[in-house]
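Let me begin by presenting the structure, written as structure tokens, before commenting on it.
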There are 2 protein chains.
Amino acid sequence: MSELRKDPVTGRWVIISTERGRRPTDFGVQENKAKGGFCPFCPGNEDKTPPEILAFRPEGSPRNGPGWHLRVVPNKFPALRVEGELNREGVGLYDKMSGIGAHEVIIETPNHPETLATIPGQRFEDMLWAYRERMIDLRKDIRLRYAMIFKNHGEAAGATLEHSHSQLIALPIVPHLVVEEMTGAKDYYRYKERCIYCDIVRQEIQQGERVVLENADFIAITPFASFSPFESWILPKRHNSFFEESYIHEIKSLALIFAETLKRLAKALNSPPYNFTLHTTPFNEKNLEYYHWHFEIIPKLTKYAGFEWGSGFFINPTPPEEAANFLRELSP
Amino acid sequence: MSELRKDPVTGRWVIISTERGRRPTDFGVQENKAKGGFCPFCPGNEDKTPPEILAFRPEGSPRNGPGWHLRVVPNKFPALRVEGELNREGVGLYDKMSGIGAHEVIIETPNHPETLATIPGQRFEDMLWAYRERMIDLRKDIRLRYAMIFKNHGEAAGATLEHSHSQLIALPIVPHLVVEEMTGAKDYYRYKERCIYCDIVRQEIQQGERVVLENADFIAITPFASFSPFESWILPKRHNSFFEESYIHEIKSLALIFAETLKRLAKALNSPPYNFTLHTTPFNEKNLEYYHWHFEIIPKLTKYAGFEWGSGFFINPTPPEEAANFLRELSP
């Protein structure tokens, strides 16, 4: 059973994962999977993953068999487990909690060589529908406070399997960066009585220099204080605190702009490794005037070093205006 | 001229470094220097670095020539520059500041193949004296608020030159993680009227299971909520908010425990890449009852992925008690 532990100074929680327990000698070993080897996410290998939680497949196609075009399964090596009670405990000045949560894998395509930059548009949209369905389902579990949806693409960005997939980790606490964003957004709202993200959307459209793409419902920008080169955010124009409360036409519109942003990053940077994460409102909040869901995409282009880890202060060698200009000028 | 920009939501500052400006096509290029090639930090090549700010060398040995055993020089490609005025400016809802600061390199040994795990004890101590001298000098500049001292060892930890060196970046703002630590420590102090780090030192000595090494003045521990496997902190037993106000015997004592900790990490993990950072009190503060300087060492053993970037929430596959036990049992 893994454990959640809180840093007594900063209040950040970490997962101490004993199930993945690694001895010192394990760290030298390369984890890289040989390309072209056996893939547990390919059609025909459905019995190599835990049974599916959700799948999009033609009518009549049997569960846990081939024929699907998207599958959601529990992670075989989960960082957290759904079973058990949420015990909170103190150890002297320290606090810990049992490692309760959910850890799921969204397999975005049956077609092994495809990536989100090459996948058909309908598949991309289906991925977003799957995110939405899983959020709606998991928020019913009162032990859980937040579901983090993210993707690691490429080995350097932490992907251990090549077959295109994203992950969902649902947690009994709200992650630190989410709390930080919400606190900052709340402070701004108190002062201005406006959502800071709505103001960002307005200012970016007006200034134009950091806009990569825009459609009726969304903008894709390289944020003003990008910590990473070619960092890109996708923000809905309509104020909405919960991703899962997006309208149908918004999900369709998001699929288009999100896919095109990834295509351009792939073209500009020679298919770089990247991570993206959904930032949305914690389960136990109501609709908030001050918080605004969005996606953040971080191409993995630089190595973070001591300065960044020690300070939370990043040096970005590419001004976001240059990155946006470059991405904007690529033909679709 | 680089620019400091503030994320309007989280309040984090980033350096947008135009001097290091990189075009999309630059990111594919490997930056790795060939081993055994020309080294600007080796004796005889003093004219390949900017003129020295500080050097430890025998009497009579001329400045900027060989003979030194430690040198501090400005970084040839600085993230921030000392010259200029500190202009703060708003752009709509965004805030920025000119990239004023200092960026220095501490060359810890003239002997190219040496590392901090193999260096003679006196050299290690000299490195700490150099840190102290540079802090005392830089805090006189009223534009500066904080000096971050850090080391990147090994390419995977961000070192671009092999020759053993550490860096100092002095900033006109206090970095986010430092503010966060200080705020957390202050909250604890308000509640308990004790320094949280003093309490950590006491509890760790009493529990013992996370202590790696201990001497009269310091302990080396693997912290309770380690975010990274084999993360190690070195804490002074005496409450002191400023590193640069350490006593002479403390610097000597620190050199011993710090060097031994690095030797054990090198032995346990096959000379891993690592980062360390000094955490100390900002220049414009007085002695604080609630903050306690320390070093944090992070071996670079895992790849951080989307989940960590998106949440500030880390999964650590090695319980700190196992790491401490392993390091403790290695013979010196």
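Quick note on labels: first sequence line is chain A, next is B, and so on, each numbered from 1.
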### Query
At a heavy-atom separation under 4.5 Å, does A:Gln206 approach chain B through its side chain, its backbone, both, or neither?
neither

### Message
Just so I understand: if I count every heavy-atom pair under 4.5 Å between each of B:Lys96, B:Glu180, B:Glu296 and chain A, which residue has the most?
### Response
B:Glu180

### Task
Measure up the B:Tyr290 and B:Tyr189 rings against each other and bin them: parallel (under 30°), tilted (30 to 60°), perpendicular (over 60°).
tilted

### Query
A:Phe243 vs A:Trp293 aromatic rings, parallel, tilted or perpendicular, using cut-offs 30° and 60°?
perpendicular

### Query
Quick one: what part of A:Tyr197 sits under 4.5 Å from any heavy atom of chain B, side chain, backbone, both or neither?
side chain

### Query
Is chain B contacted by the side chain of A:Leu80, its backbone, both, or neither, given a heavy-atom distance below 4.5 Å?
neither

### Query
What distance separates B:Ile298 CD1 from B:Trp233 CH2, expressed to the nearest 0.5 Å?
8.5 Å

### Task
Output the option from B:Ile196, B:Leu4, B:Asp187 having the highest count of non-hydrogen pairs under 4.5 Å with chain A.
B:Ile196

### Message
Taking every non-hydrogen pair under 4.5 Å, which of B:Asp7, B:Asp199, B:Ile200, B:Thr183 racks up the most with chain A?
### Response
B:Ile200

### Message
Looking only at the side chains, is there a donor atom on one of A:Ser164 and A:Lys151 sitting less than 3.5 Å from an acceptor on the other?
### Response
yes

### A:Tyr188, part contacting chain B, at a heavy-atom distance under 4.5 Å
side chain

### Query
What residues, two or more places apart in sequence or in another chain, satisfy side-chain contact (heavy atoms from CB on, under 4.5 Å) together with B:Ala323?
B:Thr222, B:Phe230, B:Thr318

### Message
Which one wins on heavy-atom pair count under 4.5 Å against chain A: B:Ala225, B:Pro320, B:Gly184?
### Response
B:Ala225

### Message
Around atom NZ of A:Lys186, are there more than 12 heavy atoms from other residues, nucleotides or ligands closer than 6.0 Å?
### Response
no

### Query
Which region of A:Val174, side chain (C-beta onward) or backbone (N, CA, C, O), has a non-hydrogen atom less than 4.5 Å from a non-hydrogen atom of chain B, or is it both or neither?
neither

### Query
In Å, rounded to the nearest 0.5 Å, how long is the span from OG1 of A:Thr280 to CD1 of A:Ile149?
8.5 Å

### Task
Heavy-atom pairs under 4.5 Å with chain A are the metric here; pick the option from B:Thr10, B:Leu327, B:Leu93, B:Asn270 that has the most.
B:Leu93

### Task
Answer with side chain, backbone, both or neither: which region of B:Val179 has an atom nearer than 4.5 Å to a non-hydrogen atom of chain A?
neither

## Note on the structure
Assert top hit (heavy-atom pairs under 4.5 Å, partner chain A, pool B:Lys6, B:Glu181, B:Arg12) equals B:Arg12

### Message
For B:Phe276 and B:Tyr274, take the angle between the two ring planes, folded into 0 to 90°, and tell me which bin it lands in: parallel under 30, tilted 30 to 60, perpendicular over 60.
### Response
parallel

### Message
For A:Gln203, which atoms come within 4.5 Å of any heavy atom of chain B: side chain, backbone, both, or neither?
### Response
side chain

### Separation of B:Glu204 CD from B:Glu209 CD (nearest 0.5 Å)
7.5 Å

